[in-house]
Structure formats: C-alpha cells, structure tokens
Amino acid sequence: MRPEFVDAVLGIAAMVPTGQVLTYGDVAELLGAGGPRQVGRVMSLYGSEVAWWRIVRADGTLPDGLAERALPHYEEERTPLSALGLSSYRVAMRRARWFPSDSDLARIEVLSRKLSEPAAGMEQ
DNA sequence: ATTCTGACTTGCT
DNA sequence: AAGCAAGCCAGAA
C-alpha cells in the first residue's frame, strides 16, 4: 500500500463534514485510484487516525462490530439515520451523503495528483 | 505464478 | 428484503 494512497484516503476522510458521510466507493472514485476494497484496507489499518465513522458502505451500514461504536458519534453529529431493526440502523445515504463543492474537489484534486506519479525506485 | 482473503459494489433472482 | 455471483484491486502465503 503506497503511503501516498494512504495519505490521500485519510485526507479525504478528514474533509468529510460533521454529520455527513462518504462510501468506500466514493472515496476511491474521488481519488481516481484504487477501489473500494483498497479504501477499506486503509481504513482498517489507519482509520483510527480520523473520523472513520464518516466512511460507510454503499448501503449505509458499517462492517460488523463498528456500528455500535459509531452510533454515539452519529447521534452527537446529528447524522441522518434510518432504523433497520430493533437494535440496528443504517445511515440514510440520501440525506447524509456528502457532495464536495467545487473548491472541495479542487483540494481533493491536489491530494490525488500525487497518486499519478510513478512509484519511487521503480523507474526503467 | 497461483490462490485466498478482505472495513467493497453492482446487478440479477 | 435477501441471497448470490462476478468484478474489483492489493497483500499475504
């Protein structure tokens, strides 16, 4: 896992506004590199460094075990949720999904620019 | 090189 | 709503 990719993923995660979320796939798409699973990998390894609960699955759920830990944050941030069962919930993606503004996209572009550079030490 | 696995996603039944 | 397959990209063995 290239450190630039890790930085870029964490960088985007850090930009998500309070009360809003992005999906793993969204992050990969904004970055124009890797895929949802790669983003998941970064979050698994380094997610604790950022507001990890703002990166969720496409259907608004979180991986096993994380939902309980994330709930207090969602309540504090007033993140839109929808009940899924008696003790389960999911983020209401229609309302909670973050759509970066043009200036946000510009900052993201700066982050992703580094990813298009060739890996160090591998040239010809 | 091959295979398995995973904080994933989409489409089809 | 739920289950399944395939696609996906990297790491690890």
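The chains referred to below are lettered A, B, ... by the order of the sequence lines, with proteins before strands, and numbering in each begins at 1.
- Closest approach of A:A33 and A:F5 over heavy atoms only: O-CE1, 3.8 Å.
- Comparing B:dA7, B:dT9, C:dA10 by their closest approach to the side chain of A:A58 singles out B:dT9.
- A straight line from CE of A:M43 to P of B:dA7 spans 13 Å, rounded to a whole angstrom.
- As rounded to whole Å, 8 Å separates atom P of B:dT9 from atom CG of A:D59.
- One finds a side-chain N or O of A:T23 lying less than 4.0 angstrom from the OP1 or OP2 phosphate oxygen of B:dT9.
- When every heavy atom of A:P80 is checked against every heavy atom of A:A96, the shortest pair comes out as CD-CB, 3.8 Å.
- Of the possible donor and acceptor atoms, none in the side chain of A:D7 sits under 3.5 Å from a partner among the backbone N and O of A:E4.
- Across B:dC8, B:dA7, C:dA1, the shortest atom-to-atom separation from the side chain of A:L66 is found for B:dA7.
- Using cut-offs of 30° and 60° on the angle between ring planes, the pair A:H73 and A:W53 is parallel.
- For the P atoms, the distance from C:dA2 to B:dA7 is 22 Å, rounded to whole Å.
- Straight-line distance from the CG atom of A:L22 to the P atom of B:dC8: 16 Å, rounded to whole Å.
- Atom pair A:E4:CD and C:dA10:C1' shows a separation of 15 Å (rounding to whole Å applied).
- The distance from atom CG of A:L62 to atom P of B:dT9 is 11 Å, rounded to the nearest whole Å.
- A:S44 places no side-chain N or O within donor-acceptor distance of the main-chain N or O of A:G40, the cut-off being under 3.5 Å.
- Rounded to a whole Å, the CG atom of A:L10 is 17 Å from the P atom of B:dA7.
- The nucleotide whose nearest atom lies closest to any side-chain atom of A:Q38 is, among B:dA7, B:dT9, C:dC9, C:dC9.
- Atom CZ in A:R69 sits about 10 Å away from atom C1' in B:dA7, given to the nearest Å.
- DNA chain C is contacted by both A:R90 and A:R37; A:R90 maps to the nucleotide lying nearer its 5′ end (nearest heavy atom per residue).
- Across all strands, A:R41 comes closer than 4.0 Å only to sugar-phosphate atoms, never to a base (heavy-atom distances).
- The distance between atom CZ of A:R57 and atom C1' of B:dA7, rounded to the nearest whole Å, is 7 Å.
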